[in-house]
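First comes the structure, then the notes that go with it.
These numbers were taken from a predicted model, which means no experiment stands behind them. Convention: sequence-line order gives letters A, B, ...; per-chain numbering from 1.
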There are 2 protein chains.
Amino acid sequence: MPGLVHVVDDDASFRTAIERRLKLSGYDVATYASAQDLLDRLPDDSRPGCILLDVRIPGLSGPELQSRLIELGSTVPIVFLTGYADTPTTVRAIKAGAEDFLTKPVSSEQLIDAIERALARQEAGRHHHRKLESLRALVATLTPREHQVFDLIVRGKINKQIGHELGTTERTIKAHRHQVMEKMQVRSLAELVSIAERLGLLDADKA
Amino acid sequence: MPGLVHVVDDDASFRTAIERRLKLSGYDVATYASAQDLLDRLPDDSRPGCILLDVRIPGLSGPELQSRLIELGSTVPIVFLTGYADTPTTVRAIKAGAEDFLTKPVSSEQLIDAIERALARQEAGRHHHRKLESLRALVATLTPREHQVFDLIVRGKINKQIGHELGTTERTIKAHRHQVMEKMQVRSLAELVSIAERLGLLDADKA
DNA sequence: TGAACACTCGGACAATGGTCTGAAATAACT
DNA sequence: AGTTATTTCAGACCATTGTCCGAGTGTTCA
């Protein structure tokens, strides 16, 4: 599936021109006259895509839209493309995670290059995100009690201690522990700890 | 200890003026007339400090110096301060990790703010770096054989399998395993796996 | 009122890990 | 040549975990 580029610009003729150029390069294009317009038909993170965003647009500005998208948890990469680029705005946009900051007029080479980098970065991020999501999905199948046991297991506690902490017996913990290993689809404690670490469940305290 | 600001600029009068302003704000200051000058007396990462760097300087440019420092493994944060800020240079500098990109003339407030952020970020990075270093130091005390055993343990292998893979007996692995736990100063497999994960020793493969 | 689920607990047994006593061969370095 | 570190190995013993049977209680929901 070709990459989908979301073009946000208040200049209709510019939108048309960019759309033509991008389509010639093999991309799908969706255009928006304002930031609000894009928020109303929010791009789903599930297909490859990026946002080509003007800075100065009526209503929400480009950077403001960027902030909103970050708040909403969107991972769609953003390439800024604007006629007026002041340094503080550029710095803030890049530090906030924008893939690039281009100025009009832009060469096709520059533009395509930035879009390709944005799509590649999104793809890498998505791989990582998907892995974590599948792990979180497994954790979500644990009952509250199993989750407690899971937590203490990966902190190195032994069944006897866990039973004492949770006010039950070692025997019961064994049963929960078995369920945890089963549900998390691991066959060793090492794998379980590795998962917990990658999900950031162990970062509290630590020397 | 006050922060040490390394000022790199070819304009002597500017260096003097900046030095005075920074010292009035409570910083220690070291000045350099060129990038090479700074490379010759390389700032050690061990004390709080940052680099205030001009872009256009004779010899190595500011961004070129930044690249060199990254290659050298330096973690000293960089604040760019220049009269001429074009967008591509700004973008590249920030993406390469510069803390900020300021333009002359700069208000003291902006300058101090950027320096404080740079110092704070360095301090956070140093904490993290020190933790990893202390772990790496522990790993370094392992003999080659112990390191192999360590590796297989945290991948979830059991002693019998490890013995088979390394062409020795389970009994011997037990001895090595004991040494590993001793040297790594952990009392549970969970802690050992957690360390390995944080050191990135487990990222190979993985579903 | 069943049905499904979560949580609890038990006995017996096998497999594994951890610790205690030891020991010996080899390599490397002073 | 002597010392040290590394790697190897043994028996005995206990602690811990994993697994096989099974079962009772309480809650929720259709």
Open item on the list: Within the 4.0 Å heavy-atom criterion, would you say B:Thr169 contacts the bases, only the backbone, or no part of the nucleic acid?
Closed with: sugar-phosphate
Open item on the list: What I want to find out is whether B:Arg130 reaches B:Glu133 closely enough, with some N-O distance under 4.0 Å, to be called a salt bridge.
Closed with: no
- [ ] For A:Gly62 and A:Phe80, work out which heavy atoms get closest and say how close.
- [x] C-CE2, 3.8 Å
Open item on the list: Please tell me whether A:Asp86 and A:Thr89 have a donor and an acceptor in their side chains that are separated by less than 3.5 angstrom.
Closed with: yes
- [ ] Using only side-chain N and O atoms of B:His176, determine if any of them is under 4.0 Å from OP1 or OP2 of D:dT8.
- [x] yes
Task: Expected output: side-chain B:Arg47 to main-chain B:Pro2 donor-acceptor under 3.5 Å - done: yes
Task: Annotated protein contacts, base or backbone, on nucleotides 11-21 of chain C with a non-hydrogen cut-off under 4.0 Å, one of B, S, - each - done: B----SBBSB-
Open item on the list: For B:Arg21 and B:Ser108, which I'm curious about, is there any donor-acceptor pair between the side chains at under 3.5 Å?
Closed with: yes
- [ ] Taking atom types as modelled, find out whether A:Ser194 and A:Arg198 have a side-chain donor-acceptor pair closer than 3.5 angstrom.
- [x] yes
Task: Distance (rounded to the nearest 0.5 Å) between B:Glu123 CD and B:Leu119 CG - done: 9.0 Å
Open item on the list: Assuming nearest nucleotide by heavy-atom distance, tell me which of B:Thr141 and B:Gly167 is located more 5' along DNA chain D.
Closed with: B:Thr141
TODO: Please determine if A:Lys174 and A:Glu170 form a salt bridge, counting it only when a charged side-chain N lies under 4.0 Å from a carboxylate O.
DONE: no
Open item on the list: For B:Arg155 versus A:Ala190, what's the shortest heavy-atom pair and its separation?
Closed with: C-CB, 4.2 Å
- [ ] Calculate the interatomic distance between A:Ile153 atom CD1 and D:dT16 atom P; express it in whole Å.
- [x] 15 Å
Task: Sub-4.0 Å heavy-atom contacts from residues 142-152 of chain B onto DNA chain C, ordered by number - done: none
Task: Value rounded to 0.5 Å, distance of CG in B:Leu22 from CG in B:Leu4 - done: 10.5 Å
Open item on the list: Within this structure, what is the CZ-NZ distance for the pair B:Arg126 and B:Lys131, rounded to the nearest 0.5 Å?
Closed with: 14.5 Å
Open item on the list: Whole angstroms only, please: what is the CD-P distance between A:Gln179 and D:dC20?
Closed with: 13 Å
What protein N or O atoms touch nucleotides 23-30 of chain C N or O atoms at under 3.5 angstrom, if any, and at what distances?
none

